[in-house]
Amino acid sequence: MAENFEQHSDISAADLARLSQEAQAEATPSTAKIIWSEFKADRPAMAALFIIVGFIVFVMVGALFINTPKMMETNIMAYFNQPFTPEFWLGADSGGRSVAKQLIVGSRNSIGIAIGLTIISSTFGICWGLISGYFNGYIDWGMQRVYDFMMMLPMTMMIIVLVTIIPHYNSVTLTFIFSIFYWEGTSRLIRSRTLAEAEKDYVAASRTSGTSHWKIIFREIMPNISSLIIVDCTLSFAENIGVETGLSYLGFGLPSQTPSLGTMISNANDPNNITQYWWTWLPAALEIIILCLAISYVGQVLRRAADASQRQGAAD
Amino acid sequence: MSLIEIKDLKVHYPIRTGFWNRITDSVRAVDGITFNIEAGETYGLVGESGSGKSTTGKSVVGLEKVTSGSILYKGQDITKAENRRKLDYNRDVQMIFQDSLSSLNPRKRIEDIIAEPLRNFEKLSKDDEKLRVLQLLDIVGLDADALYKYPHQFSGGQRQRIGVARAVATNPKLIIADEPVSALDLSVQAQVLNFMKKIQREFGISYLFISHDLGVVRHMCNNIAIMNRGRLVEIGTRDDIYNHPLHIYTKRLLAAIPETNVNQREAHRASRLAVEKVYQEQQSKYYDDDGEAYPLVQISKTHAVALPEALAQQLATQEGEVQA
């Protein structure tokens, strides 16, 4: 059979190296290159990227050098210590604990939970939506009834109940508890796009080419909805920082001995703190605003990179 | 023995209505059609939009769930998925799609697109595979620098040729061409069709050529089946269909071919209107009480038409007299 092709084409094995080199020269740039040129074209997004990466690395590494239980000990002598002093850069809270150190450890906890939650819930939601949308029929019906049931549960209340009945929980268990409830939005979004995508001819062409269902789902359809996935992931990451923060603020997130951005913002519950001791809550609040803004900037760049018609970076 | 034998193929889609969502009726997209495709020939399947020709093509390639009937290939009924798997059926039967842009995955490079069937059906080494892809590109007249590009960087005609290259990759015996050129302009149509003909000569491939363009079908096909409302209304050779059409639907289709000769515009228009008049007035003669086509009756060895026996004979003799 190979001879059949040899016969009707002038190209033989001898030309292979030369031709593939020629093709290489004409190749379209890779996705990574496109994303990078897109960042270069957008200065604020570049700054945002450096802020995010630098900050995450800083808190992850910095938290390793801080002895958390010792930091969280009450020190009555430093009761609401003023900020910008050599010992307390950002002052101290009502327990005399350093706000700066709490901010570092707290950011590590909150961002860690947000990253973990985003990875787990988005992965699950994407798989659920892709499979449900691709197979359609009874499988879709069953999977969507499970989805409907999960949507029906009052999310915040369920989380609070679960947090209360689990005796010892930390950031890891909390991440898993959140993940049970946060995949649904992603899955519906992905399913609706998959339904449209699975009807297209290239899926039919892959099936007649003998490609298996799973390979079609994850290697053919998923790359085609990657822009949606990227945008959804960045947005839900920004949102997930808020999830933990919100619950901790209400007092149902991390235990009070574990600092997090939420527990720090909950200092603002006290009118005294709001007016006089602003340093106990303002740094955490500013950090969340800056982080979420920076993430949405980066998300926009990724979206533009995924959609050729929106690109601002140098063409090819 | 024929390459593919289609026997009484039916594809019905259920219509669900009411509170319980019960099946109350069905859309009969394909309603009992029978024909054979011989090795090395081009079989034309012609009909208006919604006549079920694409559904037939998709059933043959295994993309559509068949309600009843059988499609025999190498003596096996390939409407069953396990038989398709056993035979590596899609290695031998491939498809060219109408919309060249949506049939190529926009996120994959041309090399990966053309190599997809090769990777699934033939385990080639990396170099052999790349060589085969380059040869395929050469056969459809594209340069090697297409290898690492994406589908949107090509024109419609080039994309359709990439689609042809993918279909030919495993050296199949039959290619279903579902309106392969109807999305292209005329000059590019000819280009793609000539590549398809060239490939047929060189590789001995059969085509099931689905089209509504009778001019293209005349250029490509030896045997033609006319489809209307899910059924076949006329089967015959190119000569039977174009020179001795019997069914009114075939006559209508032929009358609809645009005439480029300006001098005969009036005559052409008159004949078209005459055919249309017959169609409007004699519907009941050509279709049964439910408005569906009759079963086929054989007129000659190659020619069959969906009419009541008596009427078919009468029309055939009339036709013969006119010819004589």
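Quick note on labels: first sequence line is chain A, next is B, and so on, each numbered from 1.
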J.: Counting neighbours of CZ on Arg145(A) that are heavy atoms of other residues, nucleotides or ligands and sit closer than 6.0 Å, is the number greater than 12?
T.: yes

J.: So which heavy atom on Ser103(B) is nearest to which on Ala205(A), and how close?
T.: O-CB, 3.8 Å

J.: Using a cut-off of 6.0 Å, state whether more than 12 heavy atoms not belonging to Lys33(A) lie near its atom NZ.
T.: no

J.: Which heavy atom of Asn90(B) sits nearest a heavy atom of Thr208(A), and at what distance?
T.: CB-O, 3.0 Å

J.: At a 4.5 Å cut-off on heavy atoms, which part of Asp128(B) comes close to chain A: side chain, backbone, both, or neither?
T.: neither

J.: Need one label for Gln94(B): side chain, backbone, both or neither, based on atoms under 4.5 Å from any heavy atom in chain A.
T.: side chain

J.: Please name the pair of heavy atoms, one in Tyr202(A) and one in Leu104(B), separated by the smallest distance, quoted to 0.1 Å.
T.: CB-C, 3.8 Å

J.: In terms of heavy-atom proximity below 4.5 Å to chain A, should Tyr150(B) be classed as side chain, backbone, both, or neither?
T.: both

J.: Could you tell me which non-hydrogen atom of Phe121(B) sits nearest to which non-hydrogen atom of Ser209(A), and how far apart they are?
T.: CE1-O, 3.3 Å

J.: With a 4.5 angstrom heavy-atom cut-off, which part of Arg166(B) approaches chain A: side chain, backbone, both or neither?
T.: side chain

J.: Regarding Thr211(A) and Asn120(B), do their side chains bring together a donor and an acceptor under 3.5 Å, going by distance alone?
T.: yes

J.: Checking heavy atoms, do the side chain of Lys108(B), its backbone, both or neither come under 4.5 Å from chain A?
T.: side chain

J.: Does a sphere of radius 6.0 Å around CZ in Arg22(B) hold more than 12 heavy atoms from other residues, nucleotides or ligands, not counting ones at 6.0 Å or beyond?
T.: no

J.: Taking every heavy-atom pair that is under 4.5 Å apart, which of Met95(B), Lys130(B), Lys198(B) has the most such pairs with chain A?
T.: Lys130(B)

J.: Does Tyr73(B) OH have over 12 foreign heavy atoms under 6.0 Å away?
T.: yes

J.: Could you grab the distance from atom CG of Asn105(B) to atom CD1 of Ile221(A), nearest 0.5 Å is fine?
T.: 9.0 Å

J.: What are the residues of residues 121-128 of chain A, in order of number, with any heavy atom under 4.5 angstrom from a heavy atom of chain B?
T.: none

J.: So which part of Leu136(B) gets closer than 4.5 Å to some heavy atom of chain A, the side chain, the backbone, both or neither?
T.: side chain

J.: Side chain from CB out, backbone as N, CA, C, O: work out which of these in Ser20(A) comes under 4.5 Å of a heavy atom of chain B, or both, or neither.
T.: both

J.: Is the NZ atom of Lys126(B) crowded by more than 12 outside heavy atoms at less than 6.0 Å?
T.: no

J.: Does NZ in Lys149(B) sit with more than 12 non-hydrogen atoms of other residues, nucleotides or ligands closer than 6.0 Å?
T.: yes

J.: Given side chains that start at C-beta, do those of Arg119(B) and Lys215(A) come closer than 4.5 Å, heavy atoms only?
T.: no

J.: Which pairs of donor and acceptor atoms, one on a side chain in residues 59-66 of chain B, lie under 3.5 Å apart (sequence neighbours left out)?
T.:
from     : atom 1 : to       : atom 2 : distance (Å)
Ser59(B) : OG     : Thr55(B) : O      : 2.7
Glu64(B) : OE2    : Tyr13(B) : OH     : 2.8

